[in-house]
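Okay, structure first, notes after.
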2 protein chains.
Amino acid sequence: MTEATETLEDRLSRIHLALESERLDHVDGVIADLEPAEIALLLESLPPAARLRLWERVPGEIDGEVLLHVRDEVRSTLIEDMDHAEIVAAATGLDTTDLAELFEDLPQQVAEDMLRSMDEQQRTRLQEALAFEADSAGRLMRTDAIAVRADVSLEAVRRFLRLKEEVPDNTHALMVVDRDGLFVGTLPLARVVSHDPEVAVAELMATDVDSIPVTMSARDMATLFQTHDLVSAPVIDEAGRLLGRVVIDDIVDVIREDSEQALMNMAGLDEEEDLFAPVLPSAKRRAVWLGINLATAFLAAWVIGRFEDALDKIVALAVLMPIVASMGGIAGSQTLTLAIRGLALGQISRINSAWLLRKEVGIAALNGLLWALVVAVLAVLWFGSLGIGVIIAAALVINMLAAGVAGIVIPLLLKRSGIDPALSGSVILTTVTDVVGFMSFLGLATVFLL
Amino acid sequence: MTEATETLEDRLSRIHLALESERLDHVDGVIADLEPAEIALLLESLPPAARLRLWERVPGEIDGEVLLHVRDEVRSTLIEDMDHAEIVAAATGLDTTDLAELFEDLPQQVAEDMLRSMDEQQRTRLQEALAFEADSAGRLMRTDAIAVRADVSLEAVRRFLRLKEEVPDNTHALMVVDRDGLFVGTLPLARVVSHDPEVAVAELMATDVDSIPVTMSARDMATLFQTHDLVSAPVIDEAGRLLGRVVIDDIVDVIREDSEQALMNMAGLDEEEDLFAPVLPSAKRRAVWLGINLATAFLAAWVIGRFEDALDKIVALAVLMPIVASMGGIAGSQTLTLAIRGLALGQISRINSAWLLRKEVGIAALNGLLWALVVAVLAVLWFGSLGIGVIIAAALVINMLAAGVAGIVIPLLLKRSGIDPALSGSVILTTVTDVVGFMSFLGLATVFLL
């Protein structure tokens, strides 16, 4: 019985101290108590040199499991550090589903050798798994489902299970199939143990079960598991034949990655990004994002440049113009974030987007008026010019309304074009609020104050 | 056997059409096929009026379940629409854990009446559940765990289970306790069905099981379930007595809410925010965030104001200054997002933060130099002044370095002060990059160009 109360941070300190002081027995001691997923978190938390020293201490028999749990980018750094034989050894312990996940990250030579070293059945299974699209049910399913026939008794089922070498601990239901292998229902073990042995499977099985088409996407499966409170579900082919089962622990990983993705994409980052990636490749990847933003910043600068005359004459305009742009950006990003979450959950469609737009514009109008008043008073007090106060108030209201509209319209348009709204939404939004902000403020000033 | 292929969007269209055309039988038809969690998603996706019309069609016997699945804010709008008797009816169908979750959202009068109408045992159970801190294991645990003694045989266990009226389908392991009710291990049903009846529980049970202290936080449980691939876990009190079990579907909700929170908080929103919240209260809540940002925008404006002289003489400075601030903001938010994710996963601590800082500063330096060069060339071409090119390049490098440092230091300081870095990190960061950006660019210009 273990009580898991030590935090990752505590472990990190212990491992770090042990590595620093070369007390490798201590390192081994910490590792011995941990699950592969926990070792994966520890490896991700260490800078490259320490990471590789820890990796060398991870016992070979769990190398494969650990590799499955680290982010893609970290995985390649670990694989680079292994020799051919180590990689083969790590991979051979895995079941087909896990091996398929790892397979495409392996060096080509290793992958080829591994295929050659497999027996016919293993190779066929792996190739079948690889034939399914990444992130589909076919890739994620486990093939360890135990199937029984509907016309047998519970007694026969129990005899069958006793004859099997092992029933996985995480089996909570048996799959029921007909004589052609077509899926007909599930038989929760809770029912097997709580009913008389002479009852037939057909009488007890659950038939209103959610079965998953083999082509279903990971994201759709995640929604299904969440809304139906599933722990496992059968995977079937087009004909309805049972192919395997998807279990909740693999779905939990999908849910976590999916939600991390939105957060990271909004900053132009990849969710597979290694916290301790080397400087040069990281800088390269981020440079793209910065370049795109630079282009939009120059666009905003060009807009400002159109009003050099006004800026030259009234220096207060230069001082105040970032306020108009910034408030629009903040208001817009609130609307955008709400829309991105709604789109990710499938809660926004043509049906309700008009209503949502009206609501967000309403909020923008109220907050625009409120803060326009505040800004106007402060501007008048600061620069002693009523004109500037009126103009910044008008510009602020215009920009916040534009932000409200853009915060809904941009992600909807991106989604319709098949582009991830979380990734490009904020760049485009900021461009809109900068351009509208500078243009309305400086434009109004040019018309009314010069 | 049902294949869940209809998307939420399809359902939304169908429900919307049916509500518009007053075809209430169609509405009922759609609802009848759905799980409470799916109805909850649909309700959240409808504007207030349509939402309430749909809510009236939801059968009373699943009202409670649906209320559990909607966001807090939506929940209160639905409860407001129910009369006293409906609320009581909805709540009575729920088990203690679910009722405790709902209880604090009920109108006080309803809550009091409900307590009075309960029998002694129900009331005690509910009060016990409510005594645990929100989001602790005590609140999340179910009390339907089935406990057996270690010294009995499997045969005795089966007899016991057959005598029970019902074993919940989602039971996948029995809890094993000693004569004092102390938890000693679990017995997966997979083992019960695959072993001979005369074997004793003690021989088969798993003892290296993660047990959860009743005070453990939801977040820590989520980490434990994810890293240990758990489906359920026993909850014990300080003495080691078995109190209940936590099951994966409740943990999946925690994981989803937790990750949504980071996304929403970064925009100053609450993850419980209703997509279709009424305009006035929404505007009020967002106003706070906008006000904070306005204060920082004025700070930036004040900095610009210190350099009126330079702006007055060289108008190009006003045109180009937003570029310096914007590039710093973007670079900083990349670093900040990476740090926020790392902190949320517990992967950043004092041990590795120095290394991380060095890495991010390295990236900032490389990208700073690269984009400084590009910006300098463009600025020289635009304004024909070598001085402006050199100065904007220098300011850009300074600001991007500051952004790299701030992107790591700010979230670490916030975390240490017990403030959520996702919530306030980006405001503070933008303040730093705006102030440093304007100050370095305009300051250098004042010193070298005037």
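Everything numeric in this text was worked out from a predicted model, so none of it was measured. The chains referred to below are lettered A, B, ... by the order of the sequence lines, with proteins before strands, and numbering in each begins at 1.
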On a heavy-atom basis, which atom in [X] and which in [Y] lie closest, and how many Å separate them?
X: A:Thr227; Y: B:Ala37; result: O-CB, 3.3 Å
X: B:Pro168; Y: A:Ala190; result: O-CB, 3.4 Å
X: A:Ser282; Y: B:Lys359; result: OG-CE, 4.2 Å
X: B:Leu41; Y: A:Gln347; result: O-NE2, 3.1 Å
X: B:Pro47; Y: A:Asn352; result: CD-CB, 4.4 Å
X: A:Pro322; Y: B:Phe438; result: CG-CZ, 4.1 Å

What distance separates [X] [atom1] from [Y] [atom2], expressed to the nearest 0.5 Å?
X: A:Arg286; Y: B:Ile363; atom1: CZ; atom2: CD1; answer: 4.0 Å
X: A:Asp249; Y: B:His228; atom1: CG; atom2: NE2; answer: 13.0 Å
X: A:Leu263; Y: B:Ile340; atom1: CG; atom2: CD1; answer: 7.0 Å
X: A:Asn293; Y: B:Gln334; atom1: CG; atom2: CD; answer: 8.0 Å
X: A:Leu275; Y: B:Trp355; atom1: CG; atom2: CH2; answer: 9.5 Å
X: A:Ser333; Y: B:Leu269; atom1: OG; atom2: CG; answer: 8.0 Å

Name the member of [options] that forms the most heavy-atom pairs with chain B at distances under 4.5 Å.
options: A:Gly346, A:Gly362, A:Ala339, A:Ala283; result: A:Ala283
options: A:Glu44, A:Arg341, A:Gln226, A:Arg158; result: A:Arg341
options: A:Leu154, A:Leu338, A:Asp312, A:Val247; result: A:Leu338
options: A:Met266, A:Met321, A:Arg350, A:His69; result: A:Met321
options: A:Phe276, A:Trp289, A:Phe307; result: A:Phe276
options: A:Val167, A:Leu8, A:Ile323; result: A:Ile323

For [X], which atoms come within 4.5 Å of any heavy atom of chain A: side chain, backbone, both, or neither?
X: B:Ser232; value: neither
X: B:Pro234; value: neither
X: B:Leu290; value: both
X: B:Glu166; value: neither
X: B:Asp196; value: both
X: B:Ser326; value: side chain
X: B:Leu366; value: side chain
X: B:Leu280; value: both
X: B:Leu370; value: side chain
X: B:Ile248; value: side chain
X: B:Lys164; value: neither
X: B:Val279; value: both
X: B:Val157; value: neither
X: B:Ala287; value: both

If you count heavy-atom pairs within less than 4.5 Å of chain A, which of [options] leads?
options: B:Met264, B:Glu360, B:Glu271; answer: B:Met264
options: B:Glu308, B:His172, B:Met400; answer: B:Glu308
options: B:Asp258, B:Asp253, B:Val252, B:Thr171; answer: B:Val252
options: B:Gly329, B:Ser426, B:Ala277; answer: B:Ala277
options: B:Val231, B:Val193, B:Leu311; answer: B:Val193
options: B:Arg162, B:His195, B:Glu35; answer: B:Arg162

Close side-chain approach of B:Thr337 to A:Glu273, heavy-atom, < 4.5 Å: no
Proximity breakdown for [X] and chain B, heavy-atom pairs closer than 4.5 Å:
X: A:Val427; value: neither
X: A:Ala300; value: neither
X: A:Ile351; value: both

On the 0 to 90° scale, with breaks at 30° and 60°, tag the A:Trp382-B:Phe298 ring pair as parallel, tilted or perpendicular. tilted
